[in-house]
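Read the structure below first, then the notes.
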Amino acid sequence: MGKAFDVGIDVLAGGSTAGTAPARASDMEPAMQGSGDSAGAAKSFYIETFGCQMNAHDSERVAGVLLARGYRAATTAAEADLMLYNTCSIREKAAQKVFSRLGEYRYAPKGKVIGVLGCLAQQEGEEIFERAPWVSLVCGSASYRKLPELVEQLESGGRRVMGLDLDTDETFETEITRRDNPFRAYLTIIEGCNYACSYCVVPHTRGPERSRHSDAVLSEARRLAEAGYKEIQLLGQTVNSYRDPSARGLNFAALLREVAAIDGIRRVRFTTSHPNDFTREIVEAIDDTPELCEHIHLPVQSGSTPILRAMRRTYTREEYLQKISWLRGARKDFSLTTDVIVGFPGETEADFEETITLLDTVGYDGVFSFMYSPRPNTSASSLVGAVPEEGKKRRLAILQERQRQIQLCRNETLIGREFEVLVDSHHAARGQWAGRTASNRVVNFVSERENLLGEFVFVKVTRAGPNSLVGEQIS
Ligand code: SF4
């Protein structure tokens, strides 16, 4: 999966990451979906996902739509009748990667349908048919409600079908959502974005902000708990801008408390927050509620107020740091992660130094850092003062090295501490288990037990690296 608007710039494909905390450390790699039973005569599908967690979850929902229509999940892309790419266009590299991947299907067997979904589909539209005439379906992320209808047109012989509406005022609801992680479920609470950051394509590709009704969110969360999920991650490009459109009118902090109160849910996380809508009330809700995890991903993008203004981020360095001070003053020991863009047009050495000093001041536990790349349909693409590529690369390397040192120092202070970890993977060759703390730190450990997947265990930290911790299971 991949990285970059507020969800993402943090989450965009094509950038470089330093840090461990957000579940997007491997977002550069496409996520595969479609593993399943390959027997039977029903048509099969396979989805390859690029980009952020929102995209990953959209793929789960698209899979749900197809399963409900009688499709089955193929084990490999090669055997699927319908091959879908859920794309990211937030970084130039991510877009190039999709076209190069599509090129591999130029000579796909007759009858195989190739479709492009997501941000690149919205961004490029009909152009995709021009560049890759073997593609039959193009559907933007704001038009997924139309997918069943588009699939039906394909089934009845349509050669090129397209869904690119942006005027949607509803969210993409599905009766079935297929979920690929057995322990952590994604749950979208808000789609689109009403901000207008000058470098970002998301308002163009995903449309204006639409919050889901709180009763729909809560009933989905209850169903997830009943299905055995222990951790829920609430998603949205600006998740904390949530405003319940129903008569209850819950704000984000109130919704967090209600999701956390559902029986069976042990952990609730959310991403990505916009600093402008990050309130004390959110910090208080997390501080008061054991189920709400003490990790905040708060994209800053730059430590320089003039650059923030050019990015149209709607806050200053000082306002951002004030929100950080609320988190540092909380009872829980929050871990903080962020996104940074280096080499934005007009960024001077002094501006860049402001970003470096911000890293020192905040003490992040992880930073997703990227070199600025101009994207079509963004106002920043016409800004003067481009920073030469060599200069961007140098700044990125300096920033990543500084952040590596910060993370190492912070993680070393955790040696000797005990954490509750939700175990989510096993590395057979190393004989190690791995899981995440509530603060979203990765801990690797050994255990005598045979199967710990999905269990909560206590681990004492014995060693620390910049990106993860090593420990011993104590119970
Ligand atoms: S425009 Fe919206 S999605 Fe894009 S970076 Fe800004 S707040 Fe995030």
Side-chain angles (χ1 to χ4, degrees), residues 1-15 22 24 27 51-58 87-92 94-95 118-120 122-123 140-142 166 168 171-172 188-211 234-243 252 270-279 282 296-303 307-316 319-320 323 337-345 355 367-383:
M1 297 176 286
K3 26 215 97 265
F5 18 136
D6 260 54
V7 156
I9 245 160
D10 45 318
V11 218
L12 7 158
R24 292 184 296 268
D27 283 357
C52 61
Q53 285 157 321
M54 288 289 287
N55 265 15
H57 186 43
D58 282 348
T87 61
C88 172
S89 66
I90 204 89
R91 310 282 304 170
E92 198 178 355
C119 293
L120 190 75
Q122 192 71 48
Q123 177 99 343
S141 29
L166 258 187
T168 177
T171 49
F172 172 45
T188 300
I189 63 165
I190 179 169
E191 292 178 356
C193 178
N194 280 354
Y195 285 95
C197 303
S198 60
Y199 53 82
C200 182
V201 295
V202 167
H204 175 75
T205 57
R206 286 188 174 261
E209 181 183 295
R210 290 98 62 203
S211 290
L234 305 178
L235 295 181
Q237 267 83 15
T238 55
V239 72
N240 58 327
S241 313
Y242 177 83
R243 243 325 134 180
F252 182 61
F270 54 90
T271 197
T272 290
S273 299
H274 193 291
N276 202 48
D277 298 320
F278 195 79
T279 60
I282 297 171
I296 302 291
H297 185 72
L298 201 60
V300 65
Q301 311 301 4
S302 169
I307 295 299
L308 289 171
R309 202 174 301 125
M311 288 176 166
R312 300 201 190 142
R313 286 293 289 175
T314 74
Y315 51 84
T316 62
E319 285 162 347
Y320 181 90
K323 308 213 171 191
T337 54
T338 198
D339 301 330
V340 171
I341 299 172
V342 298
F344 190 78
T355 300
V367 172
F368 290 89
S369 50
F370 306 91
M371 292 189 294
Y372 171 76
S373 65
R375 305 302 297 128
N377 300 310
T378 61
S379 58
S381 63
S382 56
L383 286 178

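Because only heavy atoms are used, hydrogens play no part in the values below, and waters and symmetry mates are left out as well, while side chains stay in. These figures come from a predicted structure and were not determined experimentally. Note that the numbering runs from 1 along the sequence shown for the chain. Read the numbers this way: they start at 1 and go in the same order the structure lists the ligands and their atoms.
When each of Thr271, Asp339, Thr338 is paired with His297, the side chain to side chain donor-acceptor pair (under 3.5 Å) condition holds for Asp339 and for no other.
Close approach of ligand 1 to His274 (heavy-atom distance below 4.0 Å) involves ligand atoms 7 (S). Heavy-atom contacts of Pro203 reach the following atoms of ligand 1: 1 (S) (cutoff under 4.0 Å). The atoms of ligand 1 that sit less than 4.0 Å from any heavy atom of Thr238 are 7 (S).
Across all non-hydrogen atoms, the minimal contact from Ile190 to Val239 is CG2-CA, 3.7 Å. The minimum heavy-atom distance between Cys193 and Thr238, with the atom names listed, is SG-CG2, 4.0 Å.
The closest approach between Gln301 and ligand 1 stays at or above 4.0 Å for every heavy atom of the residue.
Residue Cys193 counts as close to atom 2 (Fe) of ligand 1, with an N, O or S atom under 2.8 Å. Metal site remark for atom 6 (Fe) of ligand 1: Cys197 contributes an N, O or S atom at a distance under 2.8 Å.
Using a 4.5 Å cut-off on side-chain heavy atoms (C-beta onward), Arg312 and Cys200 make no contact. Contact of the Met54 side chain with the Val202 side chain is not registered, since no non-hydrogen atoms from C-beta on lie closer than 4.5 Å.
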